[in-house]
Undergrad: 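Please find one structure pasted underneath; my questions will follow.
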Amino acid sequence: MTSTPLRDRPAWKALEKHYEEIRGVHLRDLFADDPARGERLVAEGAGLYLDFSKNRITDETIRLLLQLAEESGLAERTEAMFRGDRINVSENRSVLHVALRMPKGSALVVDGVDVVATVHEVLDRMASFADRVRSGEWKGHTGKPIRNIVNIGIGGSDLGPVMAYEALRHYTRRDLTFRFVSNVDSTDFAEATQDLAADETLFIVSSKTFTTLETMTNAHTARAWALAALGDEAAIAKHFVAVSTNAEEVTTFGIDTNNMFGFWDWVGGRYSMDSAIGLSTMLAIGSDAFHELLAGFHAMDEHFRTTPLERNLPALMGLLSVWYADFFGAQTSGVMPYSHYLKRFPAYLQQLTMESNGKHVTLDGRAVDYETGAVYWGEPGTNGQHSFYQLIHQGTKLIPVDLIGFGKTLNPIRDHHDILMSNVFAQAEALAFGKTEEEVRAEGTAEDVVPHRVFEGNRPTNVILAEKLTPHTLGALVALYEHSVFAQGTVWGINSFDQWGVELGKVLATRIIPELESKSEPELAHDSSTNALIRRYRALR
Ligand code: G6Q
């Protein structure tokens, strides 16, 4: 891996020069000069088709970005990750979410342990548990089968499960109700459980550490809620299971470790939806479909590991993100899935991308002198088109956008799907080519309105197409972004796998809780604003 600072790498210097040539070039001209561009600047892998032709790049840009990847050691670092090296240096951990989806029978030995075998042991236990619940063999305390499943978890122990449940709803058992409680706001728990019968409800307490304040608060509330209805401690074993790496805390909580599904410190929270954290997903779609999801992840892993970078989807997308963040100064990036089932995908991606690459120091602790991870955001198309797309089309900011669409809908009704997909293509076209003053005038527009109706264009998009939203496709799509994030982090030389930035607020909140709850007026030693806010809250509560 290179230790040359990013700005000193030859490819970076060349890109700086090259940017000066490209910044004024319009996509209209790039397409006019190269009629085959839209068929040429595409890549395919793991069932996904990526059209990256509507980016502000030339063949030279790609060549330089690939050179940058090489000078940044992307290939070596990818191998290091797949080998189980401790590339998460600030936590001294391997980063092996890729092992979670390696097929049964393959092997990856890390520190003398075949992690693939241990992964499949847990997957098999999850499958037999899921089968028992889904078949009704697993009975609640009063002898009734489980009809409701409530996942309690937050961050990486929530966003993946929620997103996957929504994304794969078509494949879920409709006679089972799934709810997800994450927020320590009691409203979340209250609303999620208000219409559920405790004797038909199973809680999955999902927490890698089993110490997270929000999750443990909700888990204890759930315990009290179940006990109030069922009146017997013995009921807990039938109505609570845990997903965690911390057997001791799970036992202390009162959950039988036979009903605990483990994972490992080499699985980061935001990279864990395909570990036991996906238990709710498996309960919803069944173990066969869950294995298809894993196969989709694995197909993209293999694509990423083995495909030359110029045809490598995650590498190309990652490098393009670097191009816009560091050369065009783009601060944000949009992700717009044209599938209503993917409505939580942008929220999921926000954690994956921003917790991973929202870093200001390099692996060896030096402050960066370039931009790192962009702000990710998005909503399902076409809804976004009727709200914020205005700013993307005609605002003053450059916002690269990923548009995700499918060839087939899972709910064929009249011509909805063609209408939906026409919008994917129309948006990408409008963003790239815009509408010139002459074109607006030619429509007979009044002269004073002309400037308002001009679309500058030259707004970059990636269009990602797949045949159909299936568990396999979802796995491939998530892995695509995981590895794109990795490629970006590698170029930036940052640690995409720690998240120290979430710690400070947690520590401060723990100090403030007693100040809010104390019966007597607490002595406050914060800044004047925090002191005044706490006093105001105490008066209001
Ligand atoms: C993800 C983060 C974070 C984590 C939550 C929940 O990468 O580490 O979002 O998933 O803080 O942690 P627990 O699973 O330990 O409760």
Side-chain angles (χ1 to χ4, degrees), residues 81 87-98 100 122 150-164 180-185 188-189 203-223 240-253 255 260-281 344 346-359 373 376 478-479 481-486 488-489 494-510:
M81 173 170 75
I87 62 168
N88 176 358
V89 286
S90 71
E91 296 179 313
N92 190 28
R93 287 177 183 164
S94 306
V95 174
L96 273 177
H97 43 275
V98 292
L100 297 170
V122 175
V150 181
N151 187 75
I152 298 179
I154 196 164
S157 301
D158 168 68
L159 287 159
V162 177
M163 182 278 286
F180 298 85
V181 175
S182 57
N183 200 325
V184 75
D185 182 343
D188 202 5
F189 182 85
F203 289 96
I204 306 174
V205 184
S206 295
S207 176
K208 183 173 165 182
T209 54
F210 230 72
T211 56
T212 304
L213 179 64
E214 291 89 340
T215 300
M216 295 326 294
T217 306
N218 278 319
H220 282 285
T221 298
R223 202 174 189 283
F240 282 80
V241 298
V243 177
S244 187
T245 55
N246 189 343
E248 210 178 311
E249 287 294 331
V250 168
T251 312
T252 309
F253 182 86
I255 295 176
M260 167 179 161
F261 301 90
F263 58 119
W264 307 272
D265 71 353
W266 39 261
V267 183
R270 55 192 174 280
Y271 296 88
S272 68
M273 61 169 278
D274 46 344
S275 71
I277 290 292
L279 184 61
S280 59
T281 314
R344 294 296 289 166
Y348 172 79
L349 277 189
Q350 283 188 318
Q351 180 184 28
L352 178 65
T353 57
M354 290 159 73
E355 209 171 46
S356 297
N357 284 343
K359 306 291 161 66
Y376 275 75
V478 173
Y481 281 93
E482 285 178 347
H483 298 317
S484 164
V485 160
F486 175 78
Q488 293 165 52
I494 56 177
N495 186 354
S496 303
F497 302 107
D498 62 7
Q499 57 284 315
W500 298 103
V502 300
E503 294 304 319
L504 179 60
K506 279 197 215 169
V507 173
L508 297 185
T510 314

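Note that ligands are numbered from 1 as they come in the structure, with each ligand's atoms numbered from 1 the same way. Residues take their numbers from the sequence shown, with the count starting at 1. Computation of the quantities below employed the complete heavy-atom set of this structure, encompassing side-chain atoms and omitting hydrogens, waters and symmetry-equivalent molecules.
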Undergrad: Would you confirm whether Gln488, through its side chain, and Ser484, through its main-chain N or O, come within 3.5 Å as a donor-acceptor pair?
TA: yes
Undergrad: Taking Lys208 for its side chain and Ile277 for its backbone only, find out whether a donor-acceptor pair lies under 3.5 Å.
TA: no
Undergrad: My question is simple, although I want it checked carefully: is atom 10 (O) of ligand 1 less than 4.0 angstrom from any protein heavy atom?
TA: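 Yes, there is one.
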Undergrad: Any side-chain heavy-atom pair from His483 and Val98 closer than 4.5 angstrom?
TA: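 When only atoms from C-beta onward are counted, Val98 and His483 do touch, with a gap below 4.5 Å.
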Undergrad: Closest non-hydrogen protein atom to atom 2 (C) of ligand 1, residue and atom name please, with distance?
TA: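 Nearest protein contact, heavy atoms only, for atom 2 (C) of ligand 1 is Glu355 OE1, 3.3 Å.
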Undergrad: May I ask you to check whether Glu248 and Thr252 show a side-chain donor-acceptor distance below 3.5 Å?
TA: no
Undergrad: Under 4.0 Å from any heavy atom of Arg270, which atoms of ligand 1 are there?
TA: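 Atoms satisfying the 4.0 Å criterion: 1 (C), 7 (O).
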Undergrad: Can you list the atoms of ligand 1 that are under 4.0 Å from a heavy atom of Gly269?
TA: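 Under 4.0 Å from Gly269, ligand 1 has these atoms: 1 (C), 7 (O), 10 (O).
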Undergrad: Hey, looking at atom 4 (C) of ligand 1, which of Ser272, Ser244, Gly160, Gly156 has the closest heavy atom?
TA: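 Looking at heavy atoms only, Gly156 sits closest to atom 4 (C) of ligand 1.
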Undergrad: Does Asp188 reach the side chain of Asn218, with side-chain heavy atoms less than 4.5 Å apart?
TA: no
Undergrad: Looking only at non-hydrogen atoms, which of Val502, Thr212, Thr245 approaches atom 13 (P) of ligand 1 most closely?
TA: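 The option holding the nearest heavy atom is Thr212.
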Undergrad: May I ask you to check if ligand 1 and Ser206 share an N or O to N or O distance below 3.5 Å?
TA: no
Undergrad: Mind listing the closest non-hydrogen atom pair of Arg93 and Asp265 along with its distance?
TA: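 What the structure gives for the nearest pair is CD-O, 3.2 Å.
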Undergrad: Ser157 heavy atoms, cut-off 4.0 Å: which ligand 1 atoms fall inside?
TA: 10 (O), 13 (P), 14 (O)
Undergrad: Mark up the atoms of ligand 1 that fall under 4.0 Å of a heavy atom belonging to Ile154, in ascending order.
TA: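 Ligand 1 atoms under the 4.0 Å threshold to Ile154: 5 (C), 6 (C), 10 (O).
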Undergrad: Parallel, tilted or perpendicular: which fits the ring planes of Phe240 and Phe203, with parallel below 30° and perpendicular above 60°?
TA: parallel
Undergrad: Would you mind checking which non-hydrogen protein atom is closest to atom 15 (O) of ligand 1, with the distance to 0.1 Å?
TA: Thr209 OG1, 2.6 Å
Undergrad: Check each atom of ligand 1 against the heavy atoms of Gln499 and keep those under 4.0 Å away; list them by number with element.
TA: 7 (O), 8 (O)
Undergrad: Can you classify the ring geometry of His97 versus Tyr271 as parallel (below 30°), tilted (30 to 60°) or perpendicular (above 60°)?
TA: parallel
Undergrad: So if I count the atoms of ligand 1 from 1 in the order they appear, which ones are less than 4.0 Å from some heavy atom of Gln351?
TA: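 Contacts of ligand 1 toward Gln351, numbered from 1: 1 (C), 2 (C), 3 (C), 7 (O), 9 (O).
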